[in-house]
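Notes follow the structure.
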Protein chains: 2
Amino acid sequence: MPSHHSARSRRATERKGDVRERAILDTCEALLAQKGYDAMTVGDIAQGAGITRGALYFYFGSKQEVVTALVARTVEHLWERSRATAQTDEPRQAIAAAMQRTVELWNEHGLVMRTAIDLSLTVPEIGELWSHTADLFITAITAVLERAGIQAGTGPEQASAMARALCWMIERTFYHASQESREALQKASSTCEHIWLISAGLIT
Amino acid sequence: MPSHHSARSRRATERKGDVRERAILDTCEALLAQKGYDAMTVGDIAQGAGITRGALYFYFGSKQEVVTALVARTVEHLWERSRATAQTDEPRQAIAAAMQRTVELWNEHGLVMRTAIDLSLTVPEIGELWSHTADLFITAITAVLERAGIQAGTGPEQASAMARALCWMIERTFYHASQESREALQKASSTCEHIWLISAGLIT
DNA sequence: AACAGAATCAACACCATGTTGATTACACTC
DNA sequence: GAGTGTAATCAACATGGTGTTGATTCTGTT
């Protein structure tokens, strides 16, 4: 159990290890795209990063830890992006903006997001990360629904539960579409937006 | 590559191997519930079924093949059940019936269905089985939507695409709820039904 | 120069998968 | 009921990937 991550904070000059760590994560992302999680071996990652397996285990405790770090890095982006988005008052605009942002996120990070979803069950840490991310989205959707006049509350037909279902709809639809093509993703986005609008009672 | 599955059709008296095969699948299902796919080893399955690893490899070519067979067995049930359901003309009734049936399916086979979904990416055969199953549902949902007056067609806001999104919403919502409890499942069902009804324009 | 800690690697131990070849149980023919 | 082919079984092996260890080299600091 290496103590790296605890005190890796600021440092004037970038440590050599930080470069290596980035190289490892980058390679991991590339290999994930090429061969998928199972087929990708620790040796592959090390080789891709230009070091030996042993050296890799100096930075990360296990294969899962590498992927978890990669997911964490990506998820950080999502949060950042979410915060940056201004909260619009008008529900219709808010929905359009949210969907637009989601398309961008999946276009950029679709691969890692899919991997995160796949590993949520088997790697508890990743499950944690992802469910936290989902909660952010669900909260946002809930707010929009309530502003659109949907009754607040936790009953099965009230804002909170509906937001949850809509969130899963978007996740899964984008998950599949992002495997296809950008066009599929765009089309999927339209469909989800449409259902969201209807559910909010904003169109008939 | 054993030739079992090709000519295993009818036989007056049940072969000993058929019993074993069932025992293997049953054990696999139990272990899946206990430890999950990764933690479950071929040795565990064999032991649970009362045979050695070698014997297991006589019946199945690999760990993945065992799980695939288990998924196939379960999915068979789904299809059967789907066929058995009478097609109602009245959309509201059709939707209620479909959701009711879906709750039952997830109550009975939630574990295997979750595993199927998880392994869809990594095990192509399972992906095939599951996507075929999903197509059945999507077709059924499409039919209901059209009967309720949603415009037919493949555009992003027409019946087919909407049905797909609704299907994924149901799949994912039930996937999560079935990990919680029967009550959660029931509540999730209400929410999904509600959104489906709204999307079909049957309630405001 | 000398020391500390960061970084590296070759070699090893371990465990799960899948394979092989030899052996036993079973059903069916004559 | 002896004989024969096929179904079923298993112990032993080969392979390959993971994670560990201990010794060694680099790099910055005083």
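Treat the numbers as computed from the prediction; the structure is a model and nothing was measured. Numbered from 1 within each chain, the chains take letters A, B, ... in sequence-line order.
- Contact check on R73(B) versus E29(B) returns a salt bridge, with a Lys/Arg side-chain nitrogen under 4.0 Å from an Asp/Glu carboxylate oxygen.
- For R164(A), the side chain to side chain contact (heavy atoms under 4.5 Å, CB included) partners at least two apart in sequence or on another chain are D135(A), I138(A), W168(A).
- When atom types are taken as modelled, the side chain of K63(A) and the backbone of M40(A) share a donor-acceptor pair closer than 3.5 angstrom.
- Looking at residues 39-52 of chain A, you'll see I51(A), T52(A) sit with a heavy atom under 4.0 Å from some atom of DNA chain C.
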Step by step, work out the side-chain contact (heavy atoms from CB on, under 4.5 Å) result for L121(B) and Y175(A). CA-CA 11 Å; L121(B) 240 207; Y175(A) 175 102; 3.7 Å; yes
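- Contact record, T68(A) with L129(A): O-CD2, 4.2 Å, taken as the closest heavy-atom pair.
- Straight-line distance from the OH atom of Y57(B) to the C1' atom of dC13(D): 14 Å, rounded to whole Å.
- Closest to the side chain of K63(B), out of dA8(D), dT17(C), dA7(C), is dT17(C).
- When the nucleotides dG19(D), dC9(C), dG18(C) are ranked by their closest atom to the side chain of A55(A), dC9(C) comes out on top.
- Residues I170(A) and M99(A) have side chains in contact (heavy-atom distance under 4.5 Å, counting atoms from C-beta outward).
- Looking only at side-chain heavy atoms (C-beta outward), F137(B) and E171(B) stay at 4.5 Å or farther from each other.
- Checked against dA6(C), dG19(D), dA8(D), the side chain of F58(A) finds its nearest nucleotide in dA6(C).
- Side-chain contact between Q186(B) and P156(A): absent, with no pair of heavy atoms (C-beta onward) separated by less than 4.5 Å.
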Pairs under 3.5 angstrom, nitrogen or oxygen only, protein versus nucleotides 12-15 of chain C, please.
none

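- The distance between atom CG of L56(A) and atom C1' of dT21(D), rounded to the nearest whole Å, is 17 Å.
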